[in-house]
Asker: 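Sharing a structure, written as structure tokens. Questions coming.
The basis for the numbers below is simple: all heavy atoms, side chains too, and nothing from hydrogens, waters or symmetry mates. Please read all numbers here as calculations on a predicted model, not as lab measurements. Letters A, B, ... are given to chains in the order of the sequence lines, protein chains preceding strands, and every chain is numbered from 1.
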Number of protein chains: 2
Amino acid sequence: MNLSIAEENYVKAIYKLQDGDTAVTTNALAYELDTKPASVTDMAKKLKEKQLIDYEKYQGITLSSEGRKTALQIVRRHRLWECFLVDKLAFSWEEVHELAEELEHVRSEKLTNRLSEYLGNPTVDPHGDPIPDAHGKMVKPRPQTSLDQANAKRLVVTAVTDQSTALLAFLNAKGIGLGTQLEILAHYEYDNSIEIKIKHAPALTISEQVAKNIMVRPV
Amino acid sequence: MNLSIAEENYVKAIYKLQDGDTAVTTNALAYELDTKPASVTDMAKKLKEKQLIDYEKYQGITLSSEGRKTALQIVRRHRLWECFLVDKLAFSWEEVHELAEELEHVRSEKLTNRLSEYLGNPTVDPHGDPIPDAHGKMVKPRPQTSLDQANAKRLVVTAVTDQSTALLAFLNAKGIGLGTQLEILAHYEYDNSIEIKIKHAPALTISEQVAKNIMVRPV
DNA sequence: AAAATTATTTAGATTTGTCTAAATAATAAT
DNA sequence: ATTATTATTTAGACAAATCTAAATAATTTT
Ligand SMILES: [Mn+2]
Ligand SMILES: [Mn+2]
Ligand SMILES: [Mn+2]
Ligand SMILES: [Mn+2]
């Protein structure tokens, strides 16, 4: 099956939005891909034709098993390139998504596998997201919760769910990255902000919105 | 100026075919890009509109100075990725052109420059072709001639002009690569074939066609 | 200098991916 | 149970990149 770049982007977006077997809505997909619902409907028909998705009028979209396989390959390439950019070319984590968005469309299994090997077959990308292996298998991430719901006091950052440049740049500024260890000093119930302390740095307070997007596990 | 992948491929092909200020013909470009002359004419109008080429009906195509700048950037990216694939991912020289043909279209100066730096700012690619620097400047290659016209007896291979997989695979089989030192043992005037000797290997005879595509200089 | 050949361009279609505006379906509010 | 709102689809259009077939220009041969 030879997919265009546009088709690949749709398949990847559906994969991202599909939670379990809940169908993805036309509007959600349009918003994610920064396009119009009418365009999504058009593409849905094409992807159904190619048997990458299950789709019935007004019923939303789910990936077929073929579609899921395809999505995992694209995600694999995306995350491997992100690793390359960060580990080898010294890009920072907020710069790589956009570039990987293009690099992911170079469809060569040999290239992908060589790249993976060259990087030491990494299992997570610079944002803490798991990287599918050549067969589409991902390591099950160790149990993690968002920072706003963490019980333990001493935590380590394992991933970031919102990967917008804005949030990542904010976290950079505050010295928070993957692997950063932190301690919860206080929860303020007024706005659900959280006071945390990172080693060798003054305590700081972060908003609920930020805390929701930081994944952590007990250290 | 935001160019599509198709437009970039045209600009690069024109750059490749244009020898000095001789105009590139519609047919030559169609053949190079594996497309039809009618399509070339269509694209010529678009590229002229964008001021990347000079073009008048029936008069052929030449790059404008803007077009030349653009072409050099694409060539730079292409050749850097080829270096990456060979030097870092252990691809062999006949495999990389096709992949670089896609990677070259990721337009990020930062990525390009970081990649160059990571590779040690190479000045020639795996086929012996010079790599433009960030300003489009290339090292002037040291004087070289094709093997069929070489006078000296002891030579070193500096480049290959035909980069088809067929030729490169043939050269691999015969143990000939960039930097290979060889000695001319005989010219056979019957078919202009050449007998050569590479260190630690039996002598071999290569056809005129092969010899024409191997660039050498005296060792 | 015609005639024949080759090169190039035009005219008109097609495919892909997108859009706007209008129609219809589904869902929520009264 | 209507009505209003929201979500989705359809109809029709457009730009990009390509094609085939036909027309025209340029070049070469006789
Ligand atoms: Mn993408
Ligand atoms: Mn990522
Ligand atoms: Mn290309
Ligand atoms: Mn090359």
Side-chain angles (χ1 to χ4, degrees), chain A residues 1-15 17-19 22-63 67 70-71 74 101-102 104-107, chain B residues 1-15 17-19 22-63 67 70-71 74 101-102 104-107:
Chain A
M1 189 83 57
N2 225 19
L3 298 188
S4 68
I5 289 177
E7 288 169 333
E8 284 198 339
N9 284 333
Y10 271 89
V11 167
K12 185 158 68 86
I14 296 164
Y15 175 84
L17 296 181
Q18 187 178 335
D19 192 7
T22 323
V24 177
T25 67
T26 304
N27 267 357
L29 203 44
Y31 182 79
E32 171 73 19
L33 289 167
D34 196 22
T35 181
K36 295 290 167 342
S39 306
V40 171
T41 301
D42 288 344
M43 184 60 94
K45 290 173 184 167
K46 257 182 284 184
L47 294 179
K48 181 185 180 172
E49 189 61 37
K50 294 195 172 189
Q51 310 201 33
L52 293 163
I53 62 171
D54 296 316
Y55 167 68
E56 295 300 332
K57 259 193 199 185
Y58 297 107
Q59 299 311 124
I61 295 169
T62 53
L63 286 178
T70 301
I74 304 166
E101 201 56 50
E102 305 195 39
E104 69 188 358
H105 300 294
V106 178
R107 270 171 296 262
Chain B
M1 187 81 59
N2 224 18
L3 298 189
S4 68
I5 289 176
E7 289 168 332
E8 284 198 339
N9 284 333
Y10 271 89
V11 168
K12 186 158 67 86
I14 296 163
Y15 175 83
L17 296 182
Q18 188 179 335
D19 192 9
T22 322
V24 176
T25 68
T26 303
N27 267 356
L29 203 43
Y31 182 79
E32 170 73 18
L33 288 168
D34 196 22
T35 182
K36 295 288 163 353
S39 307
V40 172
T41 301
D42 288 344
M43 183 59 93
K45 291 172 183 168
K46 257 182 284 180
L47 295 178
K48 182 187 180 169
E49 190 59 38
K50 295 195 173 189
Q51 311 200 31
L52 293 164
I53 62 172
D54 296 318
Y55 166 68
E56 296 300 334
K57 259 194 202 182
Y58 297 105
Q59 300 312 122
I61 296 168
T62 53
L63 287 178
T70 300
I74 304 166
E101 201 55 50
E102 304 195 40
E104 70 187 356
H105 301 293
V106 178
R107 269 172 295 262

Asker: Do B/Tyr10 and B/Ser39 come within less than 4.5 Å of each other through their side chains, counting heavy atoms only?
Answerer: yes

Asker: Please check: side-chain N/O of A/Thr35 versus main-chain N/O of A/Tyr31, any donor-acceptor pairing under 3.5 Å?
Answerer: no

Asker: Please find the earliest and latest nucleotides of DNA chain C, in the 5' to 3' direction, that have an atom within less than 4.0 Å of any heavy atom of chain B.
Answerer: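 Range of nucleotides touched by chain B: C/dA7 to C/dT10.
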
Asker: Under 3.5 Å, is there a donor-acceptor pair between the side chain of A/Glu7 and the main chain of A/Ser4?
Answerer: yes

Asker: I need the CG-C1' distance between A/Asp42 and D/dC14, as an integer number of Å.
Answerer: 13 Å

Asker: A/Lys36 NZ to D/dC14 P: how many Å, rounded?
Answerer: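 Rounding to the nearest Å, NZ of A/Lys36 and P of D/dC14 are 18 Å apart.
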
Asker: Using the closest heavy atom to pick a nucleotide of DNA chain D for each, name whichever of A/Tyr55 or B/Lys57 lands nearer the 5' end.
Answerer: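 Comparing both residues, the 5'-ward one is A/Tyr55.
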
Asker: Going by an N to O cut-off under 4.0 Å, is there a salt bridge joining B/Arg107 and A/Glu102?
Answerer: no

Asker: Going by side chain to side chain contact (heavy atoms under 4.5 Å, CB included), A/Glu32 matches just one of A/Leu17, A/Ile14, A/Val40, A/Val24. Which one?
Answerer: A/Leu17

Asker: Atom NZ of A/Lys45 to atom P of D/dA11: distance rounded to whole Å?
Answerer: 8 Å

Asker: Under 4.0 Å, heavy atoms only, any strand: does B/Thr26 hit a base, just the sugar-phosphate, or nothing?
Answerer: sugar-phosphate

Asker: Which heavy atom of B/Glu8 sits nearest to which heavy atom of B/Leu3, and what is that distance?
Answerer: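 In this case the closest contact between B/Glu8 and B/Leu3 is CG-CB, 4.0 Å.
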
Asker: In this structure, how many angstroms lie between the C1' atom of D/dA26 and the CD atom of B/Gln59, rounded?
Answerer: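 B/Gln59 atom CD is separated from D/dA26 atom C1' by 10 Å.
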
